[in-house]
Amino acid sequence: MRPNIYIKDLPNHIGEEVTLKGWLFNQRSSGKVKFLILRDGTGYIQCIVFKGNVSEEVFENAGKLTQESSFEITGKVKKEDRALGGVELDATDVKIVSIAEEYPITKKEHGTEFLIDNRHLWLRSKKQVAIMRIRHRVVKAIRDFFDDRGFTLFDPPIITPNACEGTSTLFEFDYFDLGKAYLTQSGQLYAEAGAMALGKVYTFGPTFRAEKSKTRRHLTEFWMVEPEMAYFNLDDDMDLAEEFLEYIVQTVLSERKEDLEILERDVTKLETVKRPFPRISYDEAVEILKKNGVDFEWGNDLGATDETIISSQYDRPVMVHRYPSEVKAFYMKRDPENPKVALAVDVLAPEGYGEIIGGSQREDDIELLISRIKEHNLPQSFFEWYLDLRRFGSVPHSGFGLGLERTVSWICGIDHLREAIPFPRMIYRNTP
RNA sequence: UCCACGAUAGCUCAAUGGUAGAGCAUGCGGCUGUUAACCGCAGGGUUGCAGGUUCAAGUCCUGCUCGUGGAGCCA
């Protein structure tokens, strides 16, 4: 069987006769010549059907093609400066595979509600294809980064018996005779068990939040990668996060430049994402807010607008560390030099994209951990296995979580998380 | 949960309280180099739902439904 030839490879086939298989992206007709724009998932090419060069039947078939009809087209590949991409196909044969019904997504603009209703078709659009390719490249960069640094992939369960951090609202359901169970909001506690077994691990999978959040920064189902490292303190954790983000961004910049162009992304905003990133304490962040006229009280968590003000001071992600322990999860270790703050770090993306990483050094003292569980009114019985990690060879350890869709949105420069995942799940939408 | 905004042709939108229109899409016709091609013709509407005010409501008022993005919370 001859392998299929794809549009992206056509520069290597100039002068050859090839058969391409795909869908009609658009067509223009001028009496005796038809211009068919074919897309095949790897690119777009203009195919020329001249009445004099093909049979009457083939010319008629070409005219029957509606937007998104599938067809095969044979012809000679030629260089052509008049065509987008510089390559054209001089058609000799057109075979209809399937005539498409009236396609809902036309060449004119559409509203987001309509597009998201037709998400399964919207994904065929140029920009959506570019975003999906970048998402794939980010995922590969994440895996490469950890795989090359001695990490082991460690898959946590998605069904959990309790709220992991005790704060978020989770999706709840009946689990046979064992009562309520929940969809995971984080694999972190399980990753800690993995780190004690394997040293350095990362989890990568979907997580679920049932919070009734209705903003462009929220999905009810999203993907998160969470590295967890034994014998890492907060500084080690920040070093890793910094190197990690630089690697992801620079990889996408060098490997998916054409997709960033399709998205009209200002890449100068990404080229600056190089180590070192600024590192400021929560106290310093509060000072920045006050200088910018924000009435901010020490002890509160940073809100979305606060984050935007802070991140706008810098041309690359900024790491904010040592938050008030009151606003952070129970498992975060307190700073021995100031017990009011936790050894936590949030990484804020530039341009108002908000928190893309949240991490911390974990509490390794079992007595302190038990008292935190009590303070947060969490059922200790559910955490006995987690406490065992402290009973049997407790070590300092750290980790963080990176939200995939927020990272993809930031890199792509898109304004809503729903475009960063194929089929977004939001509070008032679970279709298509 | 709270706040704000919105709903008119398949889609995107317009219409001072006074005959509901345009572009795109669709159908037919024209054009041998088009780039969201263009030109001509045609079909296409219970203006989200229910009330109210008025001689007259897409437009004003009330309620409801659905949606949008912002707050809170988070990645």
Side-chain angles (χ1 to χ4, degrees), chain A residues 25-37 44-53 59 63-64 66-68 80-85 88 90 100-118 121-122 125-126 164-170 184-188 205-226 241 300-308 327-329 346-349 352-359 400-410 415-418 420-421 426-429:
Chain A
F25 183 71
N26 191 13
Q27 70 125 343
R28 289 176 286 275
S29 167
S30 186
K32 297 196 175 75
V33 58
K34 292 186 189 304
F35 303 90
L36 308 179
I37 312 294
Y44 303 81
I45 186 171
Q46 176 160 275
C47 306
I48 314 302
V49 185
F50 268 112
K51 196 165 190 175
N53 292 358
F59 192 77
K64 287 179 193 162
T66 53
Q67 194 183 351
E68 286 303 317
E80 174 56 69
D81 292 337
R82 284 176 291 185
L84 285 166
E88 252 183 15
D90 234 335
E101 294 176 24
E102 188 177 332
Y103 195 62
I105 300 179
T106 65
K107 287 176 277 184
K108 280 269 184 167
E109 285 173 27
H110 296 279
T112 48
E113 187 185 346
F114 177 79
L115 289 170
I116 207 76
D117 281 342
N118 290 283
L121 301 176
W122 187 22
S125 312
K126 249 181 194 174
C164 174
E165 302 183 10
T167 51
S168 298
T169 315
L170 304 192
T184 184
Q185 64 167 164
S186 165
Q188 191 219 300
T207 53
F208 307 86
R209 304 278 167 92
E211 246 121 22
K212 291 194 169 180
S213 286
K214 280 184 65 177
T215 79
R216 66 180 78 188
R217 293 183 306 281
H218 286 87
L219 296 170
T220 54
E221 176 181 329
F222 66 97
W223 283 63
M224 186 156 66
V225 57
E226 296 177 283
N300 290 339
D301 204 354
L302 301 177
T305 50
D306 304 324
E307 289 179 353
T308 302
V327 300
K328 288 295 181 186
D346 282 356
V347 183
L348 309 180
Y353 281 95
E355 183 185 345
I356 50 171
I357 281 181
F400 61 81
L402 171 115
L404 178 64
E405 287 77 16
R406 284 192 182 172
T407 304
V408 171
S409 292
W410 162 49
D415 65 1
H416 202 300
L417 235 45
R418 68 184 151 217
I421 187 169
M426 293 169 295
I427 171 167
Y428 289 132
R429 176 178 295 279

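So you know, we letter chains A, B, ... as the sequences are listed, proteins then strands, and number each from 1. Reckoned from all heavy atoms, side chains included, excluding hydrogens, waters and symmetry mates. These figures come from a predicted structure and were not determined experimentally.
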**OP:** With Lys214(A) as the cation and Tyr428(A) as the aromatic partner, state whether NZ or CZ is under 6.0 Å from the six-membered ring centre and within 45° of the axis.
**Re:** no

**OP:** Drop me the distance from Arg28(A)'s CZ to Asn26(A)'s CG, to the nearest 0.5 angstrom.
**Re:** 5.5 Å

I need the [atom1]-[atom2] distance between [X] and [N], as an integer number of Å.
X         : N      : atom1 : atom2 : result
Lys34(A)  : G30(B) : NZ    : P     : 10 Å
Ile421(A) : A75(B) : CD1   : P     : 16 Å
Tyr428(A) : G69(B) : OH    : C1'   : 13 Å
Phe114(A) : C11(B) : CZ    : C1'   : 5 Å
Asp415(A) : G70(B) : CG    : C1'   : 14 Å
Glu113(A) : G69(B) : CD    : C1'   : 13 Å
Arg216(A) : U68(B) : CZ    : P     : 13 Å

Original post:
Which nucleotides of nucleotides 33-38 of chain B have their base under 4.0 Å from a protein heavy atom (B), which only their sugar-phosphate (S), and which neither (-), written as one string 5' to 3'?
Top reply: BBBBB-

Every protein N/O lying under 3.5 Å from an N/O of nucleotides 43-48 of chain B:
none

Subject >> Check: His110(A) side chain, C11(B) base, donor-acceptor under 3.5 Å >> reply: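 Answer is no: no donor-acceptor pair is held.
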
Original post:
Checking only heavy atoms, does the side chain of Ser213(A) share a donor-acceptor pair with the base of C74(B) at less than 3.5 Å?
Top reply: no

Subject >> Heavy-atom check, side chain of Pro104(A) versus side chain of Leu121(A), under 4.5 Å >> reply: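 Heavy-atom side-chain distance check passes, below 4.5 Å.
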
Is the phosphate of [N], meaning OP1 or OP2, less than 4.0 Å from a side-chain N or O of [X]?
X         : N      : value
Arg217(A) : A71(B) : yes
Arg429(A) : G69(B) : no
Lys212(A) : U1(B)  : yes

Applying a 4.0 Å non-hydrogen cut-off, can you work out what [X] is touching in the nucleic acid: base, sugar-phosphate, or nothing?
X         : answer
Leu404(A) : nothing
Ile357(A) : sugar-phosphate
Asp301(A) : sugar-phosphate
His416(A) : sugar-phosphate

Original post:
Using Watson-Crick and G-U wobble pairs whose two distances are both under 3.5 Å, how do you write the pairing of RNA chain B as dot-bracket, with | for links to another strand?
Top reply: (((((((..((((....[..)))).(((((.......))))).....(((((..]....))))))))))))....

Subject >> Under 3.5 Å: donor-acceptor pair, side chain of Tyr353(A), backbone of Arg217(A) >> reply: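 Pair absent, no side-chain N/O of Tyr353(A) close to backbone of Arg217(A).
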
